[in-house]
Protein chains: 2
Amino acid sequence: MGTTQLETVPEPKYWHLRTVLSDALDSEFGVGEVLPNERELAARFGVARATLRQALEQLELEGRLQRRRGVGTTVAPPRIGLDVGPAHDSWGGLADDSWQTDGSEDVTPPASVVRLLATSPSAVVHAVRRTRLNHGQPVATELLYVPAATVPAAAGPGEGLDDVARAQLVLRELRRLELEGQDRAVELGSAQADDARQLDRLPGAPVLVVTTRYFAQGRTAAVGVSTYRADTCRLTFGESDPVALVAS
Amino acid sequence: MGTTQLETVPEPKYWHLRTVLSDALDSEFGVGEVLPNERELAARFGVARATLRQALEQLELEGRLQRRRGVGTTVAPPRIGLDVGPAHDSWGGLADDSWQTDGSEDVTPPASVVRLLATSPSAVVHAVRRTRLNHGQPVATELLYVPAATVPAAAGPGEGLDDVARAQLVLRELRRLELEGQDRAVELGSAQADDARQLDRLPGAPVLVVTTRYFAQGRTAAVGVSTYRADTCRLTFGESDPVALVAS
DNA sequence: CAGTGGTCTAGACCACTAC
DNA sequence: TAGTGGTCTAGACCACTGG
């Protein structure tokens, strides 16, 4: 009669731990506060370190914790809401100052991008690398694939320009086109080595991959593949009539 | 001179394994095919089972593999693209036949939803439970929070109706309102026990959480929280002018 | 340098599925 | 019942951070 739980199907220890820790975070810790180290926490809860880590991993995935090697585990601030919708201007984030242009190379895009661009598998396209910053911290990397046919003016003066100037030229030419529509998809991925480094994460860190198709001149004029840190970011798609927010 | 790699920073074993397995999946396996079991794979690669599992976990996160206890590890089909954008009709998926209405309860919503609805923290709202099916398989669960003030007609005949009829009444009343706008956010989460069971996953499985605000009558008329399987789903936001796709 | 999280091992047992 | 993936342990060593 005194039992509060019958546990017909006992939940895994790491899952129960996650719940306990989550509650503790709500009630006993403030943002930025550092938790006791993993060995101590494991001892305190009477579990192996691996089990404790499994619980911490969950909480990090949910954006509740932040772990840094050599430093410790801290309570994460609420996720940042980042707009990825078509609200701002016609070319999406292409004219946004939150993006920093890193450079440009000519590549043969991966098969998934070739399919979207409907170009020849061996066709060379401009790949513009960009980084999205929030309060100075990188939150996303992007590769924008622009077929040479979309921006013919950018093909000529190729050699005289450096990486970044070339990228800016491609973007400038792109913005001259009339945008006829766009398309987005979001899915879960894991950060490759270079993305991980840029985002200050370990390889394999969970990321949200946003694939955007830009339509102009009656075809797919460009494809953007953006990689957002999944632990710290919430992607927003602002469609609402702003009037609705002001009223009432 | 014969070395192809200097490995200044040797990558972790599990990450290298992931790459090797990923390539093998591309070249040597077809969709639905079952892999050798974990103990055998670990032995074959000369690593501990835990390390092998870390690599498999990555690939499952990326939607490349599907693991089922008691059965085995199989090659996953490409992710399903599911529309979550405002393209279909004015009330989003609210009139869509891909959603199945499961029931309705009256609850005090979690703090995050209360903030969006701008209702009193102790206010009771209708919570409509729905499931999104794809080829008969559940791919998402949803809780749609509708304040009683939004659908006054649904408050009266409360007791005479069962769970599902009540939910349908709330939805019907909701659709009568003129939608003034909507708003979406996507973030990574982990499946709670009940969501996990409905989606045929283990607790903690990665999910994409879509939070939708519906505006009507000059205020937030409802808030939907949809939970999609992150391993099998790709969320699409169709904004493009269909004409652009047909041309060229 | 000491202390942190990240990787890896070799084993054990459990929960589930299918035959 | 045999075989699968899921959980858990108790250790070891490594890579990184900061004083």
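Lettering follows sequence order; numbering is per chain, from 1.
Contacts with DNA chain C (heavy atom under 4.0 Å) in residues 62-78 of chain A: A:R67, A:R68, A:R69, A:G70, A:V71, A:G72, A:T73, listed by number. Within residues 35-50 of chain B, the residues having any heavy atom under 4.0 Å from DNA chain D are, by residue number, B:N37, B:E38, B:R39, B:R49.
The CZ atom of B:R18 sits 19 Å away from the P atom of C:dG6 (whole-angstrom rounding). Atom CG of B:L17 and atom C1' of C:dG6 are 16 Å apart (whole Å). Taking atom CG on B:L202 and atom C1' on C:dC14, their separation rounds to 13 Å, with Å as the unit. In this structure, A:R53 atom CZ and C:dT7 atom C1' are separated by 8 Å, rounded to whole Å. Rounding to whole angstrom units, CD of residue A:Q54 and C1' of D:dG5 are separated by 13 Å. Rounded to a whole Å, the CG atom of A:L59 is 16 Å from the C1' atom of C:dG5. Spacing between atom CG of B:D200 and atom C1' of D:dG6 amounts to 15 Å, rounded to whole angstrom units. Summarising the geometry, the separation between CD on A:E11 and C1' on D:dC8 is reported as 15 Å, rounded to the nearest angstrom.
Counting non-hydrogen atoms of other residues, nucleotides and ligands closer than 6.0 Å to CG of A:D200 gives a total of 12 or fewer.
Note on A:L56: nothing from the nucleic acid sits closer than 4.0 angstrom, heavy atoms only.
With values rounded to the nearest 0.5 angstrom, A:L61 atom CG is found 8.0 Å from A:L188 atom CG.
Using a 3.5 Å distance cut-off with no hydrogens or angles, the side chains of A:S22 and A:R64 do pair a donor with an acceptor. Side chains of A:T131 and A:D102: a donor-acceptor N/O pair is present below 3.5 angstrom, by distance only. Side chain to side chain, B:S190 and A:E62 meet the donor-acceptor criterion of an N or O pair below 3.5 Å. Between the side chains of A:D195 and A:T141, a donor-acceptor pair is found at a separation under 3.5 Å. A donor-acceptor contact closer than 3.5 angstrom links the side chains of B:R184 and B:Q182.
B:R53 meets the side chain to side chain donor-acceptor pair (under 3.5 Å) test with B:E38; sequence neighbours excluded.
Taking side-chain N and O atoms only, A:T51 has no distance below 4.0 Å to OP1 or OP2 of D:dT7. Side-chain N/O atoms of B:Y14 include none lying less than 4.0 angstrom from OP1 or OP2 on C:dC8.
Between A:R79 and B:E187, at least one side-chain N (NZ, or NE/NH1/NH2) sits under 4.0 Å from a carboxylate O, which counts as a salt bridge.
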